[in-house]
Amino acid sequence: MIVVAVVGPVVLALAALGAAAWRLRSRYVVITVRGTSMEPTYRPGDRVLVRRGVSGMAADDVVVVGEPDPVTGWRGAAPLDGRVTGRGWYIKRVVALGGDRYPVEVGLRGACPRGHVALLGDNVLSTDSRVHGPCPEGQVLGVVVRRMASVSGGPEAMGGSPGV
């Protein structure tokens, strides 16, 4: 019966670890940057930790958003479904939240619509809100919370190609 007394706590500890890992995975994701739209801040191969959701998002935050439709922009992009793999991603800087006036660099007049964000890449050659207009908050996967160790050799990004 000593085996049962030891196995029970071990099983509980493993279950708790599994639940904690699942919870972290549902709240955070690691993305590998591809492309140059955020240079010099982020370069291809840089890895970033992204906190899922828009809670606490502010101007100047870097976010990962769903890739816009080439014709209709973010308005026509497929809705996010929580999965990271199997779709393309952009990494951009928030320059205006809903209700904020657009900065001159965006090339749009007036205020960013409520429920949207205006995005720019740090690289002037970036494809962003200057091309696709404001991005609905529903297209934001999450906010970059930190840079992680870079990966050499260009491994596949989790979920596509941020930084296009």
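When reading the values below, keep in mind they use all heavy atoms of this one structure, side chains included, and skip hydrogens, waters and symmetry mates.
Scanning all heavy atoms of the two residues, the minimum distance from Leu125 to Asn123 falls at N-OD1, 2.8 Å. A pairwise comparison of heavy atoms in Tyr42 and Arg147 identifies CD2-NH1, 3.5 Å as the closest pair. The two residues Met38 and Leu120 make their nearest non-hydrogen contact at SD-O, 4.2 Å.
Within the 4.5 Å cutoff, side-chain heavy atoms of Val63 are placed close to those of Leu119. The closest side-chain heavy-atom distance from Arg47 to Ile31 is not below 4.5 Å. Val106 places none of its side-chain heavy atoms less than 4.5 Å from the side chain of Cys112. Annotation: side chain of His116 is in contact with side chain of Pro136 (closest heavy-atom distance under 4.5 Å). The side-chain heavy atoms of Trp89 and Val84, taken from C-beta on, include a pair separated by under 4.5 Å. Two residues are said to be in side-chain contact when any heavy atoms from C-beta on lie closer than 4.5 Å; Ser37 and Lys92 meet this criterion. Contact check for Tyr102 versus Pro134: side-chain heavy atoms found under the 4.5 Å cut-off.
Residue pairs meeting the salt bridge (charged side-chain N to carboxylate O under 4.0 Å, His left out) criterion with at least one partner in residues 101-117, sequence neighbours excluded, are absent.
A 6.0 Å sphere centred on CZ of Arg75 holds no more than 12 heavy atoms belonging to other residues, nucleotides or ligands.
Note on Val95: it does not cluster hydrophobically with Met57, by side-chain heavy-atom contacts below 4.5 Å among ILVMFWY residues. No chain of hydrophobic side-chain contacts below 4.5 Å, direct or via other Ile, Leu, Val, Met, Phe, Trp or Tyr residues, connects Val131 to Trp74. Follow the hydrophobic side-chain contacts under 4.5 Å out from Val143 and you reach Leu97 in the same cluster. Val117 and Leu108 are not part of a single hydrophobic cluster, where members link through side-chain heavy atoms under 4.5 Å apart.
With Asp128 contributing its side chain and Gly121 its backbone, the two residues share a donor-acceptor pair below 3.5 Å.
Evaluation of the salt bridge (charged side-chain N to carboxylate O under 4.0 Å, His left out) rule for Arg93 yields Asp60, Asp122 as partners, not counting sequence neighbours.
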